[in-house]
Amino acid sequence: MKLIYAIVRNDNEDDVVDALMQAKYSVTRLATTGGFLRKGNTTLMIATDDEKVEDAIQIIKKECGKRQKITVNMPYLSGTSMSAYTTMPMPVEIGGATIMVVNLERFEKN
């Protein structure tokens, strides 16, 4: 058995979970935060048989397509006036997923 950790944007969470559940995967959600934009993420934990790992990953990738977003990155400067700095809009790539697969020694569902 394998345990799949998939870190997805909150924007994609419902679509990913719905698609995985339609394909008969059990999914546990954890609210997480991180990344360049410091936005909320969701970490999904999916326990599955070895032969189903690639199918689950393809579902996750399909529902988390990458796209461009324009954002303003505010610098963090302790004790300095923000008026001395200018910010420029910059494109960043969002979407996608960070996926990790690990061996699962034991799995019980009661």
Side-chain angles (χ1 to χ4, degrees):
M1 278 203 95
K2 301 288 186 194
L3 178 61
I4 302 169
Y5 290 103
I7 303 168
V8 301
R9 287 178 48 87
N10 286 346
D11 299 350
N12 299 118
E13 170 194 359
D14 288 334
D15 294 334
V16 174
V17 171
D18 289 347
L20 286 167
M21 291 180 75
Q22 280 184 347
K24 306 292 186 222
Y25 290 95
S26 294
V27 181
T28 299
R29 307 177 201 203
L30 301 172
T32 52
T33 304
F36 174 67
L37 298 176
R38 296 183 187 95
K39 298 292 182 187
N41 296 318
T42 299
T43 299
L44 305 176
M45 296 188 313
I46 306 127
T48 189
D49 295 321
D50 292 14
E51 62 272 5
K52 292 183 171 185
V53 169
E54 285 306 316
D55 179 56
I57 289 173
Q58 290 308 313
I59 291 169
I60 295 165
K61 286 181 177 180
K62 179 178 178 267
E63 298 299 328
C64 292
K66 291 187 178 185
R67 57 202 176 277
Q68 291 277 319
K69 176 182 178 181
I70 303 297
T71 188
V72 176
N73 190 24
M74 299 298 289
Y76 174 76
L77 301 166
S78 179
T80 306
S81 171
M82 290 300 290
S83 63
Y85 296 92
T86 60
T87 58
M88 295 290 296
M90 60 186 288
V92 294
E93 192 171 81
I94 61 171
T98 300
I99 301 170
M100 296 163 272
V101 180
V102 297
N103 288 324
L104 186 59
E105 187 175 317
R106 182 174 172 172
F107 176 74
E108 289 185 32
K109 189 171 183 177
N110 296 319

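Residues: numbered from 1 along the sequence shown. This is a predicted model, so every value here is computed, not measured.
- Cluster annotation: L3 and M100 are assigned to the same hydrophobic cluster (Ile/Leu/Val/Met/Phe/Trp/Tyr, side-chain heavy-atom contacts under 4.5 Å, transitive).
- In this structure, CG on L30 lies 11.5 Å from CG on N41, to the nearest 0.5 angstrom.
- A chain of hydrophobic side-chain contacts below 4.5 Å, direct or via other Ile, Leu, Val, Met, Phe, Trp or Tyr residues, connects M21 to I57.
- Considering T42, I99, T43 as possible partners of I7, the one that fulfils the side chain to side chain contact (heavy atoms under 4.5 Å, CB included) test is T43.
- Residue V8 comes nearest to A97 through the heavy atom pair CG1-CB, 3.8 Å, listed as atom of the first residue, atom of the second, then distance.
- Using a 4.5 Å cut-off between side-chain heavy atoms of Ile, Leu, Val, Met, Phe, Trp and Tyr, with links allowed through other members, V102 and I4 fall into different hydrophobic clusters.
- Other residues, nucleotides and ligands contribute more than 12 heavy atoms inside 6.0 Å of the NZ atom of K2.
- Note that the NZ atom of K61 and the CD1 atom of I59 stand 12.5 Å from one another [nearest 0.5 Å].
- A side-chain donor-acceptor contact under 3.5 Å links Y25 to the backbone of K52.
- By the 6.0 Å contact criterion, CE on M1 is enclosed, its count of non-hydrogen atoms from other residues, nucleotides or ligands being greater than 12.
- More than 12 heavy atoms of other shown residues, nucleotides or ligands fall within 6.0 angstrom of atom CD in E51.
- At least one side-chain heavy atom of Q58 sits less than 4.5 Å from a side-chain heavy atom of E54.
- Taken together through direct or relayed side-chain contacts under 4.5 Å among Ile, Leu, Val, Met, Phe, Trp and Tyr, M45 and F107 form part of one hydrophobic cluster.
- D15 has no carboxylate O lying under 4.0 Å from a charged side-chain N of R9, or vice versa, which leaves the two without a salt bridge.
- Remark: I60 CD1 to I46 CD1 distance equals 4.0 Å, nearest 0.5 Å.
- A side chain to side chain contact (heavy atoms under 4.5 Å, CB included) with V16 is found for exactly one of D14, N12, D18, namely N12.
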